[in-house]
Novice: 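I am attaching a structure below and will ask some questions about it afterwards.
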2 protein chains.
Amino acid sequence: MSAAAAEPPVPPVGTRRARGAAGACRPVYDAASLLTVVVAEFNARGYDATSMEDLSLAAGISKSSFYHHVSGKEELLDLALQRALDGLFAILEERASRDGPPVERLHHIVRRQVEVLISELPYVTLLLRLRGNTETERRALARRRAFDATVAALVADAISEGQVRATVEPWLAARLLSGAINSIIDWYRPGRTGAEHLPDEVVRMVSEGILPPA
Amino acid sequence: MSAAAAEPPVPPVGTRRARGAAGACRPVYDAASLLTVVVAEFNARGYDATSMEDLSLAAGISKSSFYHHVSGKEELLDLALQRALDGLFAILEERASRDGPPVERLHHIVRRQVEVLISELPYVTLLLRLRGNTETERRALARRRAFDATVAALVADAISEGQVRATVEPWLAARLLSGAINSIIDWYRPGRTGAEHLPDEVVRMVSEGILPPA
DNA sequence: GTCTATAAGGAGATAGAC
DNA sequence: GTCTATCTCCTTATAGAC
């Protein structure tokens, strides 16, 4: 369990600006700036439960205005998911993810994955909650699985080289590791004090143990 | 990351029986037996994306037949969530969850939580993916948070009594623990061989560490 | 880049027969 | 306990003016 976040609001969370009010300036968007507002809405209710009407209210523009920027609701999802996945895969390209002993490469990846989850929180949150209902979603899930598989292979390497303790199932270790890291989207909220220590704390706890032994 | 499950199917996953075919027996349900079929559909696409039409096709009865058993789609969700939460809270009532040193009580709870996640997999899966869009969902999320808070308090006790290692943040430990355990719904599938060892394996790994230390 | 108006279809739910 | 037929509302998306 870890349902830490505030009770998700049912009404739109974005800033509602009076449309057409006397002297009021209407918000003017490009595709990128729209995405910020849209992704917050998707995360508040889930993609499927968020209507174009919800997005319209949150962004302060009419439903039809969205179709000037994107082809439809699904493209908004696609743009957000690409951003999340690009951030994750960039980690694997870093030198410290590719050179050195497996254990150290793995620790680097874990640390950086925590950092990316934090820096790209809304986008990764959307990714991690996908169900695979459309082709767009399934493409994103396939990329996500590829990322997981890369990390899992490295976990297996690190365990086989670092055998000092009782046998550990590499596959299970990779799953629990992912689960622990990804849970960040359920409880981390921007502005936490001490967030700069979080990546190292996570690395330490998954290495030394989360709970005291019996 | 941990998107292990097979590509979620968009069409209904349930058994489609020919309705009204010559000589065919129509499925006859009560509220409980309907729930099995319904929850599988909810999990395949997500609650919001699953229509009464989808449920109808999966169960092999017409949409309107559902309203003989329940008041509507939301009551189906409610029944499933109650089952998940009742299973989890029953753990906390067990003697071994209430008596003894905090560390041992905690290990028992973790072990049992893994068992319940496995035995009630579809129901707990539904619970863990809630967004809180309706009053029913928010009630369930509140109960879930209460469960988490109980475990988190015990984690804090166990850590303060078992200080042999470097300082551990109890709050973070509780979060990572929940994340690791709950990830089970993303990768465990019924019929796995060796599933009987999983609860103890999880307890061991969250205690001794998931990854080798540097 | 935004608007109003509207089309076309799918949603959850109900009525009443068998 | 299930059916067919229907209601009403809400959904995504488009047309065309400013």
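Numbered from 1 within each chain, the chains take letters A, B, ... in sequence-line order. Computed from a predicted structure; not experimentally measured. Side chains included, hydrogens not; waters and symmetry mates left out as well; all remaining heavy atoms used.
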Novice: With sequence neighbours left out, what residues match Glu135(B) under salt bridge (charged side-chain N to carboxylate O under 4.0 Å, His left out)?
Specialist: Arg138(B)
Novice: Please identify each residue that fulfils salt bridge (charged side-chain N to carboxylate O under 4.0 Å, His left out) with Glu74(B), with sequence neighbours left out.
Specialist: none
Novice: Taking only N and O in the side chain of Ser62(B), is any of them less than 4.0 Å away from OP1 or OP2 of dT2(D)?
Specialist: no
Novice: With sequence neighbours excluded, give me every ring-ring contact (aromatic ring centres under 6.0 Å, His included) pair touching residues 32-63 of chain B.
Specialist: Phe42(B)-Tyr47(B)
Novice: If I take atom CG in residue Asp30(A) and atom P in nucleotide dG1(C), what distance separates them, rounded to the nearest angstrom?
Specialist: 8 Å
Novice: Regarding Ser51(A) and Asp54(A), do their side chains bring together a donor and an acceptor under 3.5 Å, going by distance alone?
Specialist: yes
Novice: Under 4.0 Å: is that the gap between some side-chain N or O of His68(A) and OP1 or OP2 of dC3(C)?
Specialist: no
Novice: Who are the ring pair (Phe, Tyr, Trp, His ring centres under 6.0 Å) partners of Phe66(B), not counting sequence neighbours?
Specialist: none
Novice: Looking at Ser65(B), I'd like to know whether one of its side-chain N or O atoms comes within less than 4.0 Å of OP1 or OP2 on dG1(D).
Specialist: no
Novice: Rounding to an integer number of Å, can you tell me how far Glu41(B) CD sits from dA11(C) P?
Specialist: 13 Å
Novice: Mind checking what makes salt bridge (charged side-chain N to carboxylate O under 4.0 Å, His left out) contact with Glu169(B), not counting sequence neighbours?
Specialist: none
Novice: Give the rounded distance in Å between these two atoms: CZ of Phe42(B) and C1' of dG12(C).
Specialist: 12 Å
Novice: With the sugar-phosphate defined as primed atoms, P, OP1 and OP2, and the base as all remaining atoms, what B/S/- string results for nucleotides 12-18 of chain D, 5' to 3', for protein heavy atoms under 4.0 Å?
Specialist: BBBB---
Novice: Over how many whole Å does the gap from Phe66(B) atom CZ to dA13(C) atom P extend?
Specialist: 12 Å
